[in-house]
Amino acid sequence: EVVNRRLEFDEVTYALMRLHLSRHEFTQVTVMANDMLALKPYDAIARRLRDQALIGLREYESARKDLETLYKQDPRNRDTIFLLANLDLIEKNYNRARKRFQVLAETNPPDPRGVKGLVDVYAAQGQLDRLRRLLERKAKKAPGRTDFRMALGSLAMTRKDYAAAARQFR
């Protein structure tokens, strides 16, 4: 009973922290996460939420240090990989960001944040043709993946190729 109540409390706290993140109330998230981590120092979810807030506060070094530790503890955790990839993108380390987003895009089941991240990396580098070729190859290999088609459609829209976009969105 006590354990169940604690788990319910944790879930509510995580939800509140996510709400504060969505409102860009990053300081509030760090306070809540630190309070939670005082009771449960190894709570990876609270740590990742705090790291997201630190990124929002532009405290990149602190966020990276903690995220790298989390990655070493669980190198397959998609949320950690995603946050590290975004941090790499923010810091303009495009090769490392691309590799991390590629890992997410190729997981089973695929994580659509990986494809979105690849779009962001190539767009930030102005490599839209390279992006289009990559997405076309991926879409041919996995015709059932709608995330590749949606990304191709969005890319076509940015190039004002509305006919190509319509074909992808069908």
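Hydrogens, waters and symmetry mates are skipped; everything else that's a heavy atom, side chains included, is used.
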Looking at every heavy atom in both Ala151 and Val119, which two are closest together, and how far apart are they? CB-CG2, 3.9 Å
Could you tell me if the side chain of Met17 sits less than 4.5 Å from the side chain of Met36, heavy atoms only? yes
Testing the basics here: between Ala33 and Ala46, what is the closest heavy-atom pair and its distance to 0.1 Å? CB-O, 3.7 Å
Transitive ILVMFWY side-chain link Leu57 to Val31, under 4.5 Å: no
Leu128 versus Ala123, closest heavy-atom pair with distance: CD2-CA, 3.9 Å
side-chain contact (heavy atoms from CB on, under 4.5 Å) between Arg130 and Gln125, worked out: CA-CA 10 Å; Arg130 186 173 175 194; Gln125 294 178 291; 5.7 Å; no
Hey, can you pull the donor-acceptor pairs under 3.5 Å for the side chains in residues 83-92, sequence neighbours left out?
{"unit_1": "Asn86", "atom_1": "ND2", "unit_2": "Phe82", "atom_2": "O", "d": "3.3"}
{"unit_1": "Asp88", "atom_1": "OD1", "unit_2": "Arg64", "atom_2": "NH1", "d": "3.2"}
{"unit_1": "Asp88", "atom_1": "OD1", "unit_2": "Arg64", "atom_2": "NH2", "d": "2.7"}
{"unit_1": "Asp88", "atom_1": "OD1", "unit_2": "Arg96", "atom_2": "NE", "d": "3.1"}
{"unit_1": "Asp88", "atom_1": "OD1", "unit_2": "Arg96", "atom_2": "NH2", "d": "3.4"}
{"unit_1": "Asp88", "atom_1": "OD2", "unit_2": "Arg100", "atom_2": "NE", "d": "2.6"}
{"unit_1": "Glu91", "atom_1": "OE1", "unit_2": "Arg64", "atom_2": "NE", "d": "3.4"}
{"unit_1": "Glu91", "atom_1": "OE1", "unit_2": "Arg64", "atom_2": "NH2", "d": "2.7"}

At what distance, to the nearest 0.5 angstrom, does CG of Leu70 lie from CG of Asp66? 5.0 Å
Asp161 side, atom CG; Gln168 side, atom CD - distance, nearest 0.5 Å: 10.0 Å
Under a 4.5 Å cut-off applied to non-hydrogen side-chain atoms, are Leu134 and Leu118 in contact? yes
Quick check for you: to the nearest 0.5 Å, what is the distance between Arg98 atom CZ and Gln127 atom CD? 8.5 Å
Check this for me, if you would: do Glu61 and Lys65 make a salt bridge, where the nitrogen-to-carboxylate-oxygen distance has to be below 4.0 angstrom? no
Does the side chain of Ile81 come within less than 4.5 Å of Thr107's, by heavy atoms? no
Closest approach of Ala165 to Gly153 (non-hydrogen atoms, all atoms of both residues): CB-O, 3.6 Å
Just wondering, more than 12 heavy atoms not from Tyr94 lying within 6.0 Å of its OH? yes
Is there a side-chain contact between Met32 and Asp35, using heavy atoms and a 4.5 Å cut-off? no
side-chain contact (heavy atoms from CB on, under 4.5 Å) assessment of Glu59 paired with Phe26: CA-CA 11 Å; Glu59 294 182 27; Phe26 304 123; over 6 Å; no
Nearest heavy atoms of Pro143 and Arg149, plus distance in Å: O-NH1, 4.2 Å
Go through it in stages, so that I can follow the logic: the residues are Leu131 and Val121, the test is side-chain contact (heavy atoms from CB on, under 4.5 Å), and I'd like the CA-CA distance, side-chain angles, deciding distance and then a yes or no. CA-CA 9 Å; Leu131 172 62; Val121 169; over 6 Å; no
Taking the side chain as every heavy atom from C-beta outward, state whether Asp43 and Tyr14 have any pair of such atoms under 4.5 Å apart. yes
Rounded to the nearest 0.5 Å, the CG atom of Leu155 sits from the CZ atom of Arg132 at a distance of 8.0 Å
Closest non-hydrogen contact found for Arg47 with Pro41 is CD-O, 3.9 Å
Interatomic distance, CZ@Arg23 vs CZ@Arg18, rounded to 0.5 Å, equals 15.0 Å
Separation between CZ of Arg48 and OG1 of Thr80, rounded to the nearest 0.5 Å: 4.0 Å
Below 4.0 angstrom, N of the basic side chain to O of the carboxylate: do Asp129 and Arg133 qualify? no
Out of curiosity, does Leu152 fall in the hydrophobic cluster containing Met150 (side-chain heavy atoms, cut-off under 4.5 Å, transitive links)? no
Salt bridge or not between Lys138 and Glu106? Use side-chain N to carboxylate O under 4.0 Å. yes
Among residues at least two apart in sequence or on other chains, which ones pass side chain to side chain donor-acceptor pair (under 3.5 Å) with Arg113? Asp79, Asp111
Qualifying residues under side chain to side chain donor-acceptor pair (under 3.5 Å), relative to Tyr122, sequence neighbours excluded: none
When hydrophobic residues are tied together by side-chain contacts of less than 4.5 Å, even through go-betweens, does Tyr71 share a cluster with Tyr42? no
Just wondering, are more than 12 heavy atoms of other shown residues or ligands nearer than 6.0 Å to CE in Met157? no
Test item: Thr69 and Lys72 side chains (from C-beta on) under 4.5 Å apart, heavy atoms: no
Determine whether Leu16 and Leu21 fall in the same hydrophobic cluster, where Ile, Leu, Val, Met, Phe, Trp and Tyr are linked whenever their side-chain heavy atoms lie under 4.5 Å apart. yes
